Amino acid sequence: MARILIIGGTGNISQHTVRDLALRGHRVTVLNRSQRAAEEPLPPGVRVVCADRDQPGAVAEAVASEKPDCVMDFICFTPEHASGLAEAC
């Protein structure tokens, strides 16, 4: 069982990924900038971390606290997003 941090997690594609990973027994954490993730019907056991990836250190803090084996980023839209995640890992 892997610890997987999913950045995003409530979109059209990522919500299915969250569900499938959780159903396969992985420990899934969703990082989302709003409480929307907490209000979505997530599978049992999926954790939610509320943070805005555009805030300095937010992704690094989530990676440090969750200690994931894998990070899947569904909202990487800029070079800064990619480099920030690479530095956090």
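Keep in mind it's a predicted model, so treat the numbers as computed, not measured.
When the side-chain contact (heavy atoms from CB on, under 4.5 Å) test is applied to A82, the partners found at least two apart in sequence or on another chain are C76. For S65, there are no side-chain contact (heavy atoms from CB on, under 4.5 Å) partners, not counting sequence neighbours.
Side chains of D73 and I75 form a contact here, defined as non-hydrogen atoms less than 4.5 Å apart.
Within the model, atoms SG of C50 and CG of N32 stand 6.5 Å from one another, a figure rounded to the nearest 0.5 Å. Atom OG1 in T17 sits 11.0 Å away from atom CG in N12 (nearest 0.5 Å). The line from CD of Q15 to CG of D20 is 10.5 Å long, rounded to the nearest 0.5 Å. The NE2 atom of H81 sits 4.5 Å away from the CZ atom of R53 when rounded to the nearest 0.5 Å.
In the hydrophobic clustering of this structure, L21 groups with I13; members are Ile, Leu, Val, Met, Phe, Trp, Tyr whose side-chain heavy atoms approach within less than 4.5 Å, directly or through other members. In the hydrophobic clustering of ILVMFWY residues, with side-chain heavy atoms under 4.5 Å counting as a link, L85 and F77 come out together.
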N/O donor to acceptor pairs below 3.5 angstrom from side-chain atoms of residues 41-49, sequence neighbours left out:
| residue | atom | partner | partner atom | Å |
| --- | --- | --- | --- | --- |
| R47 | NE | E66 | OE1 | 3.3 |
| R47 | NH2 | E66 | OE2 | 2.6 |

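Of all non-hydrogen atoms in A58 and L31, the two that sit nearest each other are O-CD1, 4.5 Å.
The local environment of CZ in R33 is sparse, with at most 12 non-hydrogen atoms from other residues, nucleotides or ligands closer than 6.0 Å.
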